[in-house]
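What follows is a short report on a single structure.
Convention: sequence-line order gives letters A, B, ...; per-chain numbering from 1.
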There are 2 protein chains.
Amino acid sequence: MSRYPDQARVFLAVDCIVFGFDGKQLKILLVQRALEPEMGSWSLMGGFVFANENVEQAAARVLHTRTGLSNVYLEELSTFSEPGRDPVERTVSVAFFALIDINKYKKQITDDFHAEWFDINKHPKLIFDHKQMVAKAKARLRYKSAFHPILFELLPAKFTLPQLKSLYEEVYNIEMDNRNFSRKILSMNLLEKLNEKDKENSKRGAWYYKMNSKKYKANFHAVATIIPNPDIYYS
Amino acid sequence: MSRYPDQARVFLAVDCIVFGFDGKQLKILLVQRALEPEMGSWSLMGGFVFANENVEQAAARVLHTRTGLSNVYLEELSTFSEPGRDPVERTVSVAFFALIDINKYKKQITDDFHAEWFDINKHPKLIFDHKQMVAKAKARLRYKSAFHPILFELLPAKFTLPQLKSLYEEVYNIEMDNRNFSRKILSMNLLEKLNEKDKENSKRGAWYYKMNSKKYKANFHAVATIIPNPDIYYS
DNA sequence: CCAAAAGTGTTACCGCTACACCCATGG
DNA sequence: CCATGGGTGTAGCGGTAACACTTTTGG
């Protein structure tokens, strides 16, 4: 018997907006839903929260189970709780957004559902309110990455500045000056230059860098105006 | 019978961190809990989410019921979902923070519990994880108001720039230059000067201003660095 | 040697900070 | 007429944007 006899219980789920970057486009990872209602429709990665875990642990578990990845960038977005959002039972979902290196993602053998990357601007119809979740996640990504150096989470451990610049250009749909961009990023003192160049994309080659994760963690809340007028992107 | 037979349901609640400003100190509004467990202990304003409302509506309702206020600034903070946070039943709470004009608050006659303002840095022991909620709300308030002109929500409809400056000084525990502060705030073009001065706090008197709510809404996402180095306050 | 991308150096400008100074008025 | 808080003017500094120019190397 409940100790709160007058109150109703709800189902609690998490959904993850998983971002990836293929070098040209910003992508999201979608799956085909494995249970009714709407079985087979495209959906965000999600799942119910277990009795012994909090929502963040649930999101990390779902992500790990379905992508094989752990220690990914994961941030709570917001709660979606419209009474009718799930047509068959009242289910409240806490949405998280995740940033992963698209190359590290390997489809799990044990998966009994499809997962696929889609261009964020051109994805199939999604179940429930997942379209809203994606829109909100995109807005948050733009807002946050205008101030905080989080986008490198979408790149491999070693990456070049031109790669990072392309990523910013894709996220904000702008063109940036490569010369000023390099200086601005390097002036944050978070990157370490490696003794290796990427020669695939240019003749001269671009130096590889890696994030100094100690400094990154220490300065995680550092605010830098990487993008001018960030507000105009937060629609 | 549930359509998700293998899943457990949880209780869903909201809790509100209600900020106020008395001219000198930043305050939060606490109540004495009206139900078991921990009946009588100090707590944030909260309540269960009804079947016909989403969490934001629930937070607004709780606030309205217990303070008489509507149309207050209300923003989702995050979800608190540790399995054992409520010792008797699994209850997940979505925390919201609210900014209100402390003068508008009137204790409701119908209240069967105490509500009281406390200095944010010196409040009684709180139930469950409410202390964490308060800490997180304070951090978010600092972070957000460093970029967005939201703090005026804590002041009366007409206010002076010295009042607003005191508020910023209290929130960030810094001293600001009144001359530069005025210019910075006014350069956002969100305030309208009234034909009236506050003569209570100085001989010369300070002009009253009011927020132009049309411009405020239109520019809500405008980012201005009201506070230098905002990151150092986001602990 | 040319094209194309990476990266450096330099300049002009803008916005912010610091602070000298003026304003208004109650006592 | 002076003390006090409100407010304006302005000079200097630092960071950013713009862009001419150099470097590198495959074809």
task = Measure from CE on Met176(A) to C1' on dA5(C) and round the result to the nearest Å.
result = 18 Å

task = Measure from the ring center of Phe80(A) to the ring center of Phe128(A) and say whether it is less than 6.0 Å.
result = no

message = Output the rounded distance in Å from CG (Leu186(B)) to P (dG15(C)).
response = 16 Å

note = From the candidates dA6(C), dT8(C), dA20(C), the one with an atom nearest any side-chain atom of Ala206(A) is dA6(C)

ask   = So which one's nearest nucleotide on DNA chain D is more toward 5', Asp177(A) or Arg204(A)?
value = Asp177(A)

ask   = How many Å lie between CZ on Arg179(B) and P on dG5(D), as a whole number?
value = 14 Å

query = Starting at the 5' end of DNA chain D and moving along, which residue's nearest nucleotide shows up first, Thr160(B) or Asn180(A)?
reply = Thr160(B)

ask   = Side chain of Pro162(A): nearest nucleotide among dG7(C), dG26(D), dG7(D)?
value = dG7(C)

ask   = Ile185(A) has an atom CD1; how far is it from atom P of dG15(D), in whole Å?
value = 16 Å

message = Regarding dA5(C), can its base be found pairing with the side chain of Asn201(A) as donor and acceptor, where the two atoms are less than 3.5 Å apart?
response = no

task = With the side chain of Arg183(B) defined as its heavy atoms from C-beta on, choose the nearest nucleotide among dC19(D), dA18(C), dT24(D).
result = dA18(C)

inquiry  = Between Thr79(A) and Val94(A), does the side chain to side chain contact (heavy atoms under 4.5 Å, CB included) criterion hold? Intermediate values first, please.
reply    = CA-CA 4 Å; Thr79(A) 302; Val94(A) 182; 4.2 Å; yes

message = From C-beta outward on Lys203(A), which listed nucleotide comes closest to its side chain: dT8(D), dT25(D), dA20(D)?
response = dT25(D)

ask   = Can you say whether the rings of Phe97(A) and Tyr73(A) are parallel (under 30°), tilted (30 to 60°) or perpendicular (over 60°)?
value = tilted

request  = Report the distance from atom CD of Glu200(B) to atom C1' of dT25(C), rounded to the nearest whole Å.
outcome  = 15 Å

key: Between P of dA4(C) and NZ of Lys199(A), the distance in whole Å   = 18 Å

task = Check the angle between the aromatic planes of Tyr168(A) and Tyr172(A) and answer parallel, tilted or perpendicular using the 30° and 60° thresholds.
result = parallel

request  = For the side chain of Lys184(A), starting at C-beta, report the closest nucleotide among dG5(D), dT16(D), dG26(D).
outcome  = dT16(D)

No-hydrogen, no-angle side-chain donor-acceptor test under 3.5 Å, Ser93(A) and Asp15(A) = yes

remark   = When rounded to whole Å, the CZ to P distance for the pair Phe181(B) and dT8(D) reads 14 Å

query = Of all the choices, dT25(C), dC19(D), dG6(D), which nucleotide is nearest to the side chain of Asn178(B) once you look at every atom?
reply = dG6(D)

request  = Rounded to the nearest angstrom, tell me the gap between atom NZ in Lys197(B) and atom P in dG5(D).
outcome  = 15 Å

